[in-house]
Amino acid sequence: MNTSLACPLWLYNLLPFLRWWPTVNRATTRADLTAGLTGALIVLPQGVAFATIAGLPPEYGLYAAMVPTIIAALFGSSWHLVSGPTTAISIAVFASVSPFAEPGSQQFIGMVLTLTFFTGLFQLILGLARMGALVNFISHTVVIGFTAGAALLIAGSQIPNFFGVDIPRGTPFFDILKLFALHLNNINPYVASVAGVTLISGILVKKFVPKLPYMIVAMIIGSLAALWLNDLFGGLAQTGIKTIGALPAHLPPFSRPDFSLDAIRHMVFPALVVTMLALTEAVSIARSVAVKSEQRIDGNQEFIGQGLSNFIGSFFSGYASSGSFNRSGVNFASGAQTPLAAVFASIFLLVVLLLVAPLAAYLPNAAMAGLLFLVAWGLIDFHHIIAIAKASRAESVILWVTLIGTLINLEKGIFFGVLISLMFYLYRTSRPQVKAVVPDPAPGSYHHVSAEEHDECPQLKMVRINGSIFFGAVDHVQQALHEIDEQAPQKKHVLIVASGVNFIDIAGAEMLAQEARRREKLGGGLYFYRVKESVCGTLRKGPYIGYIGRDNIFPIKVRPIEAIYPKLDSAICRSCQARIFPECQITLPNGEPRA
């Protein structure tokens, strides 16, 4: 019996982890434990680095990877997204709070927690208000470009640790490449050897021994290589192989955000900015991983999960967190099956802090860099990038704008991509196809076919409109209707086959009513065939149906020409040789028999 069917829908919405809990078994738990252990080791150096970027004591980066990660995993919708501290959020936190307090001070920490509290509150409100549909405007191409750009950022940020060159933390991507080119002669061969051994061992284990957790094996091999080099060449002073260092061995303490009026006044607006940045980052990462896992992401639930993680995390010393590209990529690549992998990662991180914190100090930064190079490579979806390049020039522009924009500015890159994709979309939808058609000559058919290679009636123009007639498309459709007069002045009657029109707004209805009045003055008419009920509903709500005429709107499974033919000019029909309608073969529009 499937126990997942026993719960009502409202309980699934309240406790979303009940949806995947029935899938947990011994095999998935084993896979999640492995992925969780790998994730815990990955976040050790990252958490310390991100906290430093945010202006906080190092341990706060680890606190942000504990309770918030568990809450986001249990109440989000993605099975592979891992939340925690990120580069973009850390930079945003520092920029938002540093003007009002000294970084690292108690006042600074209190205001950061206030910022985190309001960020979670705003995210939760957006989720409960069902605003998750906003992420639907992030197209698949934007996600592919953003993922590739973020992967390159990950690799770029690890260049100093991989090669042992001195490049300041937080240096922009293209400046990193420039400085690295200037420091080629200063590459530390010992550090680069450890990173290279880790990277190569990870690739080989993944390819030839896929059953082993290749990331953990690679980290162990890299750590042993560092120990051997240090022992052989005289230690850290000679090799320069740095490690994570000592870690605090205690649980994240309870905390209280600063709820003073001054702190609230300074933090509310920055919290809105961090909210949108964090949600965009989290949902984009969730969707990018879902491209590979083929899982459906619920934007509303993801908003709620992120909101709860920050709201609750602010009381457990966690600063603002979001979806992590590094950890999510590692989580998926490590074979995680359910969100329990993120929960296990947080638990393992606690265990590391409480029991083996001294041993974690032996983990080389170079080994972590080698592993993250491997993760970054796996995040670039070369298959879809090549497919997009072949399929659409416009989509290729969107992809590269997003990718390059992300490299320039992580939080703005995806917005550039969304903006460009919306511009292309609006351009396409503002130019619905207006195509000439004629009745299908097949006996008994009610359809219309392309007018190409067919004769047309000299008095009646028939067109099919494929696309919505809204304010952005009004000018294009109106111009197409006016061009009929310019190209064939005798065609005063126009029949629109409207089966492809899904939506019409007030501007569109006004334009059609105006066109109907204009054609009536010319001695012709405007007619519609196969109009959808939703479109008719809009026309009925105003005076538009009166101007067009109810008798000029023909439903499906009728032949409009039977009603329109008597309105044509018999003098023109008398000399016409096209005779494309059955009625043309028998009588003239005035009822006079054909000669």
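Note that the coordinates shown come from a computational prediction; the quantities given were computed from them, not determined experimentally. All values below come from the heavy atoms of this structure, side chains included, with hydrogens, waters and symmetry mates left out.
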> Roughly how far apart are Ile241 CD1 and Asn161 CG, rounded to 0.5 Å?
Replying inline: 12.5 Å
> So, do Phe382 and Trp377 have ring centers that fall under 6.0 Å from each other?
Replying inline: yes
> Backbone N or O of Pro16 within a donor-acceptor pair of the Gln301 side chain at under 3.5 Å?
Replying inline: no
> Between Phe173 and Thr406, does a side chain to side chain contact (heavy atoms under 4.5 Å, CB included) hold up when you go through it step by step?
Replying inline: CA-CA 10 Å; Phe173 176 79; Thr406 300; over 6 Å; no
> Do Asp32 side-chain atoms and Ala336 backbone N/O form a donor-acceptor pair below 3.5 Å?
Replying inline: no
> Are side-chain heavy atoms of Leu126 and Ile304 found at a separation under 4.5 Å?
Replying inline: no
>> Under a 3.5 Å threshold, yes or no: a donor from one side chain and an acceptor from the other, between Asp258 and Ser260?
In response: yes
> Looking at Leu113 and Gly318, what are the two nearest heavy atoms and their distance?
Replying inline: CD2-O, 3.8 Å
>> With a 3.5 Å distance limit and no angle check, can you tell me whether Ser77 reaches the backbone of Asp298 through a side-chain donor-acceptor pair?
In response: yes
> Any sub-3.5 Å donor-acceptor pair from Thr116's side-chain atoms to Ala320's backbone N or O?
Replying inline: yes
> Should the heavy atoms of other residues, nucleotides or ligands under 6.0 Å from CZ of Phe471 be counted, would the total exceed 12?
Replying inline: no
>> For Ala101 versus Met111, what's the shortest heavy-atom pair and its separation?
In response: CB-SD, 4.1 Å
>> Restricting to non-hydrogen atoms, name the atom on Ile167 and the atom on Pro160 that form the minimum distance, rounded to 0.1 Å.
In response: CB-CG, 3.8 Å
> So, the side chain of Thr28 versus the backbone of Asn25: is there a donor-acceptor pair under 3.5 Å, distance only?
Replying inline: yes
> Quick check, are the ring centers of Phe100 and Phe108 under 6.0 angstrom apart?
Replying inline: no
> Given side chains that start at C-beta, do those of Tyr63 and Tyr319 come closer than 4.5 Å, heavy atoms only?
Replying inline: no
>> So, taking the atom named OG1 in Thr141 and the one named CH2 in Trp400, what distance separates them when rounded to the nearest 0.5 Å?
In response: 13.0 Å
> Taking atom CD of Glu395 and atom OG of Ser421, what is their separation to the nearest 0.5 Å?
Replying inline: 8.0 Å
> Taking C-beta and beyond as the side chain, do Thr198 and Phe373 meet within less than 4.5 Å on heavy atoms?
Replying inline: no
> If every non-hydrogen atom of Phe470 is compared with every non-hydrogen atom of Asp505, which pair is closest and at what distance?
Replying inline: CA-OD1, 3.2 Å
>> Pair Thr29, Arg26 - check side chain to side chain contact (heavy atoms under 4.5 Å, CB included), show working.
In response: CA-CA 5 Å; Thr29 302; Arg26 181 175 298 179; 5.8 Å; no
> Any donor-acceptor pair under 3.5 Å linking the side chain of Ser346 with the backbone of Met66?
Replying inline: yes
> More than 12 heavy atoms of other residues, nucleotides or ligands under 6.0 Å from CG of Asp166: is that the case?
Replying inline: no
> Can you find a pair of side-chain heavy atoms, one from Leu115 and one from Pro270, that are under 4.5 Å apart?
Replying inline: yes
>> Counting the benzene-type ring for Trp, do Phe315 and Phe254 have ring centres under 6.0 Å apart?
In response: no
>> Any side-chain to backbone donor/acceptor pair from Asn188 onto Thr239? Under 3.5 Å, distance only.
In response: yes
> Hey, mind stepping through Val283 and Phe303 against side chain to side chain contact (heavy atoms under 4.5 Å, CB included) and telling me if it holds?
Replying inline: CA-CA 8 Å; Val283 177; Phe303 279 27; 3.6 Å; yes
>> Return the CD to CH2 distance between Gln337 and Trp79, rounded to the nearest 0.5 Å.
In response: 9.0 Å
> Are Glu302 and Ser78 close enough that some pair of their side-chain heavy atoms sits under 4.5 Å apart?
Replying inline: yes
> To the nearest 0.5 Å, what is the distance between CG (Leu153) and CD1 (Ile408)?
Replying inline: 10.5 Å
> Heavy-atom count around Phe416 CZ within 6.0 Å, excluding the residue itself: above 12?
Replying inline: no
> Taking everything shown except Trp20 itself, do over 12 heavy atoms lie less than 6.0 Å from its CH2?
Replying inline: yes
> If we only count heavy atoms from C-beta on, is the Val165 to Phe180 side-chain gap below 4.5 Å?
Replying inline: yes
> Short question: side chain of Asn331, backbone of His80 - any donor-acceptor pair under 3.5 Å?
Replying inline: yes
> What do you reckon, is OH of Tyr425 surrounded by more than 12 foreign heavy atoms closer than 6.0 Å?
Replying inline: no
> Do Phe50 and Tyr60 have side-chain heavy atoms sitting under 4.5 Å apart?
Replying inline: no
> What are the two closest non-hydrogen atoms of Phe348 and Gly36, and how far apart are they?
Replying inline: CD1-C, 3.6 Å
>> With heavy-atom distances below 4.5 Å as the criterion, would you say the side chains of Gln123 and Leu279 are in contact?
In response: yes
> Quick one: do the Thr119 and Asn310 side chains pair a donor with an acceptor below 3.5 Å?
Replying inline: no
>> Pair Thr38, Arg327 - check side chain to side chain contact (heavy atoms under 4.5 Å, CB included), show working.
In response: CA-CA 9 Å; Thr38 307; Arg327 297 178 67 196; over 6 Å; no
> Is the side chain of Thr402 donor-acceptor paired with the backbone N or O of Gly145 at a distance under 3.5 Å, no angle test?
Replying inline: no
>> Donor-acceptor check, side chain of Ser90 to backbone of Ala54, threshold 3.5 angstrom: yes or no?
In response: no
> Between atom CD1 of Ile70 and atom CD1 of Ile347, what is the distance when rounded to the nearest 0.5 Å?
Replying inline: 5.5 Å
> Any idea which heavy atoms bring Ala72 and Ser83 closest together, and the distance?
Replying inline: CB-OG, 3.4 Å
